[in-house]
Asker: 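Take this structure first; my questions come after.
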Amino acid sequence: MSAESTPHPRTTEPDATGPDGRAEGRRKTRGTRRKALRVTAWTAAGIVVLGGAGLGYVYFKLNGNLKSVDINQALGADRPKKADNGSENILVLGSDTRAGANRRLGGGTDDGSARSDTAMIVHVYEGHRRAAVVSMPRDTLIDRPACTDTKGAKHPAARGVMFNEAYSTGGAACTVRTVESLTGLRMDHYLEVDFAGFQKLVDDLGGVPVTTTRNIDDPQSHLTLKAGTHTLGGRQALGLVRTRHGVGDGSDLGRIQLQQAFVKALLTQVKQVGVFSDPKKLYDLADTATKTVTTDSDLGSVNSLIDFADGLKGIGADRMHMITMPVRYDPADLNRVIMNKAKAQEVWTALRNDRPIPASATRGTATGEAKGVVTG
C-alpha cells in the first residue's frame, strides 16, 4: 500500500473573502467603526492559521496574542540556500507539552518538557496554487546535528535518537536544524500549535465532519467512534489525530494517515462554514488562532500573518499532495522506523526543484495501514 494521498489538482477553490472585506448588515460598535477582520484560513498536519487586520482594539488584541521565536538568529548563516522562485517550505509542528491546559488533554506528567507530536513539511509551489505536505514520523531514528536553541544554549550532536527528541532537547531551533540537516531544504517559516489550541479551534469552527469506514476504539487517546459519519468536536478531533492503537498496525505511521485525512477535512470545513459572513465567528476564530500558534519571528505580527495566509488562500484540500517521509520499520525494534534514504532523496530533490513528488518515492515503503479509515 502506498503512503501517498491522492490529490485532485484541477479543482479551483473560490476566494473566501467578500468584495470589500465587510460583513453585510454589521452595525457600528460603541465609539469605533471597525473594519471586518480580513482573514484567510489555512492549515496543514490539523493546523489552521488565521490572521486578522482591523483598527484599534481588535488589531492590538490579536497582535498581543501572538508568540514568536527567532529561528534565524539561533541558526545563523550555516543553512540551506533559500529558493529564488517564490516557493516556500514551512515546518509545522504539533507540540505535546503537558504544561497548563495540555496536561488535562494529553495526560501524563508535566515534567517541563515537550515533544513534537506531529511534524509536517509544507512545500508551497511557485505561484502558491498548490502544495506538497511531507509528514515526518516522530518515531524515526535519526542522527541529530549539534544545535543552538533560541536561548543561546548549545546542544551536542546525538546519534540514533528519535526525531522528536530534537524538540525536547532544543525546541523550535533544534527541530528546524534537524529537519534542514535531514532534507537539505531551507525551512522558510515555522508554525507550532498545542493540544488546547487545536481543540478550541475545532470547537470554534462548530466541529469538523468526517466519515469513518470502520470502528475506532482507543482508550489511550479517549476515542470511540462507530463506523459512519460524525461531526467531531474538539476533544474527539484531538483524540483522532493522536490515536495509534485503535486502527491500522498500531504504529505512528497509521496515526499520520489519520492526521492527513483530518487536515483535508478541516480545510474543507473552513471553506464551507461561512465564517466570513459571521463577524462574531470570524473574530472568535482569529482570537483563538492567534493565541494558539507560535511562529518564527518573520510571522510574529498580525500583518505578517495576513500577508502569509493571503498568499495561501488558493490552496484547498484538493490541491494538497500529502505523503509520509519514506521509511522502513527498524528490524531491531518494530516500534521505530528508519528513513529510506534513497527514496527520501527523491522527495527532497523534487521539492528542491519545485517539482511534484514522484510516485516511486513512496512505492513499497512502510505505511501504517490506516489509509481510507477516515475521509472528509
Side-chain angles (χ1 to χ4, degrees), residues 44-45 47 49 66-97 112-124 131-138 140-194 293-301 304-305 307-309 311-312 325 339 341 344-345 347-349 351-354:
I47 299 183
V49 179
L66 289 168
K67 302 181 292 293
S68 63
V69 289
D70 194 341
I71 301 291
N72 292 330
Q73 182 177 7
L75 297 185
D78 184 20
R79 302 179 64 188
K81 184 180 178 181
K82 281 179 172 284
D84 59 4
N85 60 2
S87 64
E88 289 185 302
N89 297 307
I90 304 108
L91 179 62
V92 179
L93 291 186
S95 167
D96 69 346
T97 175
S113 66
R115 292 162 296 276
S116 53
D117 192 63
T118 301
M120 296 178 176
I121 297 171
V122 180
H123 177 81
V124 181
V133 178
V134 183
S135 294
M136 310 283 286
R138 70 177 191 174
T140 309
L141 295 177
I142 62 161
D143 293 337
R144 178 180 56 75
C147 59
T148 301
D149 63 31
T150 54
K151 296 179 180 179
K154 297 183 182 298
H155 304 277
R159 295 180 61 83
V161 297
M162 285 172 54
F163 170 78
N164 69 349
E165 187 263 0
Y167 186 88
S168 58
T169 296
C174 285
T175 306
V176 172
R177 173 73 79 191
T178 299
V179 170
E180 291 185 345
S181 175
L182 289 173
T183 66
L185 300 170
R186 172 79 169 232
M187 295 297 110
D188 300 290
H189 292 298
Y190 170 84
L191 292 169
E192 179 186 330
V193 67
D194 64 20
V293 298
T294 299
T295 73
D296 64 277
S297 54
D298 288 344
L299 295 180
S301 72
S304 296
L305 271 178
D307 291 342
F308 173 71
L312 302 174
M325 181 178 73
M339 185 169 67
K341 292 184 178 180
Q345 192 56 52
V347 177
W348 315 141
T349 299
L351 298 185
R352 189 176 302 112
N353 293 303
D354 204 38

Asker: For Asp78, I'd like to know if atom CG has over 12 heavy atoms of other residues, nucleotides or ligands within 6.0 Å.
Answerer: no
Asker: Start with the C-alpha gap between Met187 and Ile121, add the side-chain angles, then the distance that decides, and say whether side-chain contact (heavy atoms from CB on, under 4.5 Å) holds.
Answerer: CA-CA 8 Å; Met187 295 297 110; Ile121 297 171; 4.0 Å; yes
Asker: Going by atom types alone, do His155 and Asp149 pair a side-chain donor with an acceptor below 3.5 Å?
Answerer: yes
Asker: Is His189 close to Asp298 at the side-chain level, that is, under 4.5 Å between some pair of heavy atoms?
Answerer: yes
Asker: Which pair of non-hydrogen atoms, one from Leu93 and one from Ala119, has the smallest distance, and what is that distance?
Answerer: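 Reported closest heavy-atom pair: CD2-CB, 3.4 Å.
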Asker: Would you check if Leu66 and Leu305 make a side-chain contact, meaning some heavy-atom pair closer than 4.5 Å?
Answerer: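 Leu66 vs Leu305: side chains touch.
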Asker: Supply the atom-to-atom distance Leu141 CG to Met339 CE, rounded to the nearest 0.5 angstrom.
Answerer: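 Atom-to-atom, Leu141:CG and Met339:CE are 11.5 Å apart.
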Asker: Checking Ser297 side chain against Gly300 main chain: does a donor-acceptor pair fall under 3.5 Å?
Answerer: no
Asker: Would you please test Val134 and Leu351 for side-chain contact (heavy atoms from CB on, under 4.5 Å) and show each step?
Answerer: CA-CA 10 Å; Val134 183; Leu351 298 185; 4.1 Å; yes
Asker: Kindly state each residue pair satisfying salt bridge (Lys or Arg N to Asp or Glu O under 4.0 Å) with at least one member in residues 81-92, sequence neighbours excluded.
Answerer: Lys82-Asp188
Asker: Quick check: does any side chain N or O of Ser181 sit under 3.5 Å from a backbone N or O of Arg177, one acting as donor and the other as acceptor?
Answerer: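 Such a contact is absent between Ser181 side chain and Arg177 backbone.
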Asker: Test side-chain contact (heavy atoms from CB on, under 4.5 Å) on Glu192 and Tyr167; report intermediate values, then the result.
Answerer: CA-CA 11 Å; Glu192 179 186 330; Tyr167 186 88; 2.5 Å; yes
Asker: Would you say the side chain of Arg79 lies within less than 4.5 Å of the side chain of Asn72, judging by non-hydrogen atoms?
Answerer: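 The answer is yes; the side chains approach within 4.5 Å.
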Asker: For the atom pair OG1 (Thr178) and CG (Asp143), what is the distance rounded to the nearest 0.5 Å?
Answerer: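 Here the interatomic distance stands at 10.5 Å.
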Asker: Output all residues satisfying salt bridge (Lys or Arg N to Asp or Glu O under 4.0 Å) with Arg144, sequence neighbours left out; order by chain, then residue number.
Answerer: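 Per chain and number, Arg144 pairs via salt bridge (Lys or Arg N to Asp or Glu O under 4.0 Å) with Glu165.
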Asker: Got Met325 and Trp348 here, is their nearest side-chain heavy-atom distance under 4.5 Å?
Answerer: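 Yes, their side chains come closer than 4.5 Å.
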Asker: Can you name the closest pair of heavy atoms from Ala173 and Ile71 and give their distance?
Answerer: N-CD1, 3.8 Å
Asker: Tell me if a side-chain donor or acceptor on Asp296 pairs with a main-chain N or O of Tyr190 at a distance below 3.5 Å.
Answerer: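 Checking the backbone N and O of Tyr190 against the side chain of Asp296, a donor-acceptor pair under 3.5 Å is found.
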Asker: Let me see the working for Phe308 and Leu191 under side-chain contact (heavy atoms from CB on, under 4.5 Å), right down to the final yes or no.
Answerer: CA-CA 12 Å; Phe308 173 71; Leu191 292 169; 4.2 Å; yes
Asker: Does some side-chain heavy atom of Asp354 sit less than 4.5 Å from a side-chain heavy atom of His123?
Answerer: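 Yes, at least one pair of side-chain atoms sits under 4.5 Å.
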Asker: Would you compute the distance between atom CE of Met136 and atom OG1 of Thr183 and round it to the nearest 0.5 angstrom?
Answerer: 6.5 Å
Asker: Would you indicate whether the side-chain heavy atoms of Leu75 and Glu180 approach each other to under 4.5 Å?
Answerer: yes
Asker: For residues Asn85 and Ser87, report the shortest heavy-atom separation together with the two atoms involved.
Answerer: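 Looking at all heavy atoms of both residues, the closest pair is OD1-OG, 2.7 Å.
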